[in-house]
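So that the names make sense, note that chain A is the first sequence line, chain B the second, and so on, each numbered from 1.
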2 protein chains.
Amino acid sequence: MVRKEIKEQRVKGYFIQAAKEILKGEGLVCVSTRNVADRAGYSYATLYNYFKDIKDLVFECAKEFIDEVRDFVKNETVGLTAGIERIQVKLKAYLNYFIQYPGIFELFFLERVSSMGNNQKTVELIYTFLDKLCADDWNYCIEHGIVRADQLEFVSDHIRFISAGLLLFYINRRHPQEYGEFISLAQARIKEILDRYTISREDNPR
Amino acid sequence: MVRKEIKEQRVKGYFIQAAKEILKGEGLVCVSTRNVADRAGYSYATLYNYFKDIKDLVFECAKEFIDEVRDFVKNETVGLTAGIERIQVKLKAYLNYFIQYPGIFELFFLERVSSMGNNQKTVELIYTFLDKLCADDWNYCIEHGIVRADQLEFVSDHIRFISAGLLLFYINRRHPQEYGEFISLAQARIKEILDRYTISREDNPR
DNA sequence: TTAAATATATTAACATTGGTAATAATATGA
DNA sequence: TCATATTATTACCAATGTTAATATATTTAA
C-alpha cells in the first residue's frame with residue numbers, strides 16, 4: 001500500500017524537521033529522543049518506530065543539511081562565472097554556513113565515526129562535498145591552464161584540510177576570537193594557496 | 001597542615017591516573033565517574049571530594065598529557081640540532097602521538113569548549129603548544145635567515161591548521177584509510193609548506 | 001588513652017539519558 | 001460492525017552525572 005509509505009515518510013519528516021531545528025539552534029548535545037519527540041508532537045518511544053536509533057535520525061538530518069549547504073553556497077554565487085574567484089567566494093560561503101550553524105559543523109566533522117554505524121556513505125558524502133561543490137571551477141581552471149591537472153588533488157586536499165582546521169579552531173576553540181579576524185585570516189590563507197597553485201593570466205601561455 | 005595536602009594530592013593523583021589510563025585506552029566516552037572511581041579503588045561519590053565535576057578531572061588529565069606529548073616529541077628528537085629538519089621530525093612525532101592515542105586528540109581538539117568551564121588557560125596551553133614545541137627551531141631559522149621573521153606567524157599557523165585538519169580526517173573520518181598513506185601524505189604536505197616559506201641554503205646570502 | 005571534633009568515604013537518592021516490551025488507541029478492510 | 005493490522009503510548013530498565021545524608025577513619029585535646 002502506497003498510502004502507508006506516504007504517511008510513514010510524513011511522520012519521519014516531522015521528527016527530522018524537529019531534530020534539524022534543534023541541531024541548528026542548540027547543537028548536537030540537545031538532540032535527545034525526548035527533546036526531538038516533544039517538538040515533533042509525539043512520545044519519545046514513537047521515534048523508534050521510524051528510526052533505528054537516535055543516531056539514525058541524526059544522519060538523516062546530515063543528508064538534508066548537505067543539500068542545504070549546497071543551496072546556501074549556490075545562492076551566494078549567483079551570476080558568477082567559473083574560475084578561481086568563484087572558488088574563493090564559494091569557500092567563504094561554505095565557511096560562513098558552518099559559522100552560522102556550528103552544530104552542523106559538529107555533526108559533519110566532529111561526531112565520532114563509531115556512532116555512525118552503517119552510515120559510511122553519508123560520511124563519504126560529507127568528505128567529498130567541498131570538492132564536488134567546486135568541481136566546475138576546478139575543471140574550468142584545468143581546461144584554461146590555470147591549474148595543473150597533476151596538482152589538482154594536492155591543492156584541493158590542502159584547502160579541505162585548511163578549512164577544517166580553521167573552522168575547528170574558530171568554532172571549537174575561539175581562535176581567533178572575532179569573526180572579522182577569522183574571515184580575513186581565512187581568506188588570506190585560501191588566497192595564498194590558490195595563488196601558489198595557479199598560473200596567473202599574464203603567465204598563462206594561451 | 002601540610003600532611004593533609006600531601007594526602008589530598010595523592011588521592012587526586014589516583015583518580016587522575018585512572019582517568020588517564022581510560023582516556024588512552026578507551027577514549028573520552030568511557031571516562032565516567034563510576035568507571036574512573038572503580039579503577040582508582042574508590043566509590044564514585046568520592047571523586048566529588050577532589051574534583052568539582054568530571055570535566056574538572058578530565059582537564060587535570062589534559063594538563064598532564066601536554067607534558068607527555070612534549071616528552072614524547074623530545075624523545076624522538078634526541079641528538080638533532082635546531083632547524084627545519086628538526087621541525088619536520090617534531091611534527092611527525094607530534095602527529096604520531098595523537099594517532100597512537102586518539103582519545104587525547106579528541107580531548108585536546110574536539111571536546112566542546114562549553115564543557116571546559118573555567119579551564120580557558122588549559123585550552124590556551126593546548127592551542128599554543130605546537131608553537132612552543134618548535135620555538136627553538138623557528139628562532140634558529142630566523143636567526144640564520146632561513147625563515148623571514150614577518151612570515152613566521154603565517155607559516156606556523158598554517159602548519160597548525162594543516163596538522164589539525166589532517167588528524168581530524170584521519171582519526172575521525174578514516175581518510176586516508178591506511179596509516180602509511182597518512183604519514184607520507186602529511187609529510188609531503190608539511191615539507192611543501194616549509195619549502196615554500198624557507199630560503200634554501202644555496203640561496204641564503206650568509 | 002580515650003572522647004570529641006574533623007576529615008574522608010560510602011550509600012541512597014534524584015534527574016536525565018537511550019532504549020525495549022507490553023499495552024492502548026486508531027485505522028483498515030471484509 | 002467487527003476482526004485485524006498499524007501506530008502511539010505508558011511503564012519499565014540500565015547507565016550517566018550529581019547531591020545529601022550517613023557511616024567510617026583519623027586527628028586533636030583533655
(message) Within the 4.5 Å heavy-atom criterion, are A:Y140 and A:T81 side-chain neighbours or not?
(response) no
Counting only side-chain heavy atoms from C-beta out, which of [options] sits nearest to [X]?
{"X": "B:Y44", "options": "D:dG17, D:dT9, C:dT11", "result": "C:dT11"}
{"X": "B:T46", "options": "D:dT10, D:dT19, C:dT10", "result": "C:dT10"}
{"X": "B:K7", "options": "D:dT19, D:dT26, C:dT17", "result": "D:dT26"}

(request) Take B:R112 and A:E106 through the test salt bridge (Lys or Arg N to Asp or Glu O under 4.0 Å) and record every step on the way to the result. (result) CA-CA 9 Å; B:R112 321 282 167 268; A:E106 202 184 342; 2.6 Å; yes
(request) Take A:F105 and A:Y101 through the ring-ring contact (aromatic ring centres under 6.0 Å, His included) test and state the conclusion after the steps. (result) CA-CA 7 Å; A:F105 173 73; A:Y101 304 114; over 10 Å; no
(message) Can you see if the side chain of A:T33 gets near the phosphate of C:dG18 - specifically, an N or O under 4.0 Å from OP1 or OP2?
(response) yes
(message) Under the criterion salt bridge (Lys or Arg N to Asp or Glu O under 4.0 Å), I'd like the reasoning laid out for B:K121 against B:E124: C-alpha separation, chi angles, the key distance, then a yes or no.
(response) CA-CA 5 Å; B:K121 221 175 66 193; B:E124 202 60 33; over 6 Å; no
(message) For C:dA25, does the base pair up with any side-chain atom of A:Y42 as donor and acceptor (N or O, under 3.5 Å, distance only)?
(response) no
(request) Taking A:D137 for its side chain and A:G83 for its backbone only, find out whether a donor-acceptor pair lies under 3.5 Å. (result) yes
In whole angstroms, how far is the [atom2] atom of [N] from the [atom1] atom of [X]?
{"X": "A:I54", "N": "C:dG19", "atom1": "CD1", "atom2": "C1'", "answer": "11 Å"}
{"X": "B:L47", "N": "C:dA9", "atom1": "CG", "atom2": "P", "answer": "11 Å"}
{"X": "A:N49", "N": "C:dG18", "atom1": "CG", "atom2": "P", "answer": "16 Å"}
{"X": "B:R34", "N": "C:dT17", "atom1": "CZ", "atom2": "P", "answer": "16 Å"}
{"X": "B:F51", "N": "C:dA9", "atom1": "CZ", "atom2": "P", "answer": "12 Å"}
{"X": "B:K52", "N": "D:dT19", "atom1": "NZ", "atom2": "P", "answer": "9 Å"}
{"X": "B:E8", "N": "C:dT6", "atom1": "CD", "atom2": "P", "answer": "18 Å"}
{"X": "A:D53", "N": "C:dG19", "atom1": "CG", "atom2": "P", "answer": "5 Å"}

(message) Which residue is it: A:T77, A:L80, A:L130? I am looking for the one with a side-chain contact (heavy atoms from CB on, under 4.5 Å) to A:K90.
(response) A:T77
(message) Under 4.0 Å, heavy atom to any atom of DNA chain D: which of residues 12-29 of chain A qualify?
(response) none
Just checking [X]: base, sugar-phosphate only, or nothing, at a heavy-atom cut-off of under 4.0 Å?
{"X": "A:V31", "answer": "sugar-phosphate"}
{"X": "B:S32", "answer": "sugar-phosphate"}
{"X": "B:Y50", "answer": "sugar-phosphate"}

(request) Would you kindly check if the NZ (Lys) or CZ (Arg) of A:R160 is within the cone defined by 45 degrees around the ring axis of A:F129 and under 6.0 Å from the six-membered ring centre? (result) no
(request) Please report the closest heavy-atom contact between A:A40 and A:Y14, naming both atoms and the distance. (result) CB-O, 3.9 Å
I'd like a list of close polar pairs between nucleotides 20-23 of chain D and the protein, N/O only, cut-off under 3.5 Å.
none

(message) Whether the B:N96 and B:Y179 side chains hold a donor-acceptor pair (N or O, under 3.5 Å, no angle test) is what I'd like checked.
(response) yes
(request) Could you walk me through whether B:E60 and B:K63 pass the salt bridge (Lys or Arg N to Asp or Glu O under 4.0 Å) test, one step at a time? (result) CA-CA 5 Å; B:E60 289 293 321; B:K63 276 188 223 166; 3.6 Å; yes
